[in-house]
Amino acid sequence: NKTANQMLIIFGASGDLTARKLIPAIYNLYKGNHLPENFVVLGASRSAMTDGEFRRKVVQESAYLKDVISTEDADFVSKFSDKIFYEDLGSDYDTDYDLLGKRIGDLNSKYHTSNQYIFYLSTPPSLYEAIAKNLHNQGLTNETEGWKRIIVEKPFGYSLKTAKDLNTGLQKYFKEKQIYRIDHYLGKETVQNLLVTRFANSIFEPLWNRNYIHHIEITNAETVGVEKRGGYYDKSGALRDMFQSHLLQIVSLIVMEPPINSSAEEIRNEKVKALKSLRIMTDEKTLFDHTIKGQYVASEIDGEKVKGYREEEGVDPNSKTETFAAIKFFVDNWRWKDIPFYVRTAKRMPTKVTEVVIHFKTPHHQVFKEQDINNKDNKLIIRIQPDEGILLKFGVKVPGQGFQVERANLDFYYSSLSDSNIMQAYERLLLDAMQGDATLYARADEVEAAWAFVDPILNYWENGKDVNTYGYSAGVWGPTNSDDLIEGDYTWRNPGP
Ligand code: BG6
């Protein structure tokens with residue numbers, strides 16, 4: 001695909017995301033020849049900086065690009081930096097945009113970007129509507145000459161109500177088809193591959209339902225704590241930060257029905273239906289039994305002291321915000337009726353891993369000798385990260401007398417593909433938006449359906465009776481009672497480091 005002439009305008013450009021993710025992604029796209037000759041980036045934010053200072057910050061002196069550009073031809077790097085500009089917005093995002101409008105117009109004429117603009121909002125969501133309004137007032141949302149698109153970062157809302165307000169606010173100035181809600185998990189190859197595993201093979205999909213699947217498990221674990229983001233995280237927590245967005249996106253791809261084709265609208269229509277079929281938990285007993293929250297406490301890993309969550313910078317010392325969340329739920333539709341889903345996400349776990357485990361039912365008649373449960377079921381393990389790949393566990397006969405059955409592995413690693421150069425999530429997603437492909441972006445109704453499921457859990461955790469925030473030490477798989485969430489003899493699969 002060819003990328004058309006365009007300008008990328010980043011709001012909140014002095015922030016971490018621009019230097020850490022966006023500029024490196026644009027650099028890689030530039031290097032990979034994915035960008036047109038007529039392309040510029042304009043950073044805008046409230047810090048006073050010249051073009052040169054901004055270029056130094058995000059390119060020449062960037063900690064995130066340092067390793068890459070140190071091996072590069074200096075002329076090439078300077079040609080890239082010449083495409084980057086900066087405009088100071090003054091002290092407020094809801095201000096007079098005349099200067100910004102003029103700057104965009106001048107750059108557009110000089111660099112022939114064809115009036116085609118992407119506005120990337122890397123600012124707190126409370127500013128989205130004000131920015132959209134000001135762009136509109138400058139005539140910058142109007143598509144009579146050249147397309148206009150807006151990308152917004154998560155968190156997309158704080159609750160169902162605030163998400164709806166954000167959607168309404170943005171839709172006053174941009175049409176839904178111009179709005180791209182980014183979820184970087186959808187930019188991961190392995191997440192997209194869920195669709196291919198299911199719908200481009202004839203061996204999995206016939207089994208992908210309540211008749212053959214016993215339960216589904218998703219684990220998202222990080223070894224880090226909240227790092228320097230305590231202020232943000234304490235108001236958010238694991239459920240808002242990871243579950244409502246990234247993990248429910250993964251759930252929707254596992255749960256959805258086959259789309260009629262791979263167009264953005266058809267795929268997203270099926271995802272919305274999937275999210276709407278998650279059974280919303282309303283009574284306190286179910287919420288008590290099916291949800292667990294936890295928080296890491298001060299501990300030691302390999303002789304090194306690790307701060308407890310409540311001692312982290314920016315965190316309330318009495319905080320009840322969860323850094324661990326485990327949720328059991330059901331999906332009320334024909335395919336999934338009564339099949340439990342278990343999803344957990346946490347900081348300060350023993351290893352960084354995201355994986356989906358599809359547990360198949362054991363054969364309905366046991367021909368061979370009793371085996372322990374972990375050895376009985378077939379599992380399909382989809383490794384989202386790291387070691388991206390797919391592992392199928394199945395039974396084989398142990399050589400010798402009798403019929404002793406043992407688990408064997410069929411293991412595929414992405415790294416074994418001859419073209420295994422996996423594009424980083426931001427690279428892929430930015431390129432899609434530049435080419436007008438919204439398949440991997442969340443639509444308004446998807447985001448709202450996800451919030452509708454999460455809202456009652458959050459309300460219960462904030463206001464319900466008998467809600468506990470269980471402590472866990474850094475480096476363990478969360479509170480011990482999280483194993484009790486899983487029905488029967490099963491436990492979580494805790495992948496090794
Ligand atoms: C972000 C969350 O969206 O995703 C972070 O805000 C989290 O808290 C991060 O660390 C995890 O992303 P990844 O790609 O490293 O799994």
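Indexing begins at 1, ligand by ligand and atom by atom, following the structure's order.
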So do E312 and T323 actually touch side chain to side chain, heavy atoms under 4.5 Å? no

Do the numbers put R443 on top of the ring of Y180, so that NZ or CZ is under 6.0 Å from the six-membered ring centre and no more than 45° off the axis? no

Just checking, any donor-acceptor pair under 3.5 angstrom between side chains of Y470 and T480? no

Heavy-atom cut-off of under 4.0 Å around ligand 1: list whichever protein residues fall inside it, by chain and number. K154, H184, Y185, K188, E222, R229, D241, M242, H246, K347, K352, Q385

Can you sort out the partners of E189 under side chain to side chain donor-acceptor pair (under 3.5 Å), two or more places apart, ordered by chain and number? none

Across all chains, not counting sequence neighbours, the side chain to side chain donor-acceptor pair (under 3.5 Å) partners of R55 are none

With E388, which residues qualify under salt bridge (charged side-chain N to carboxylate O under 4.0 Å, His left out), at least two apart? none

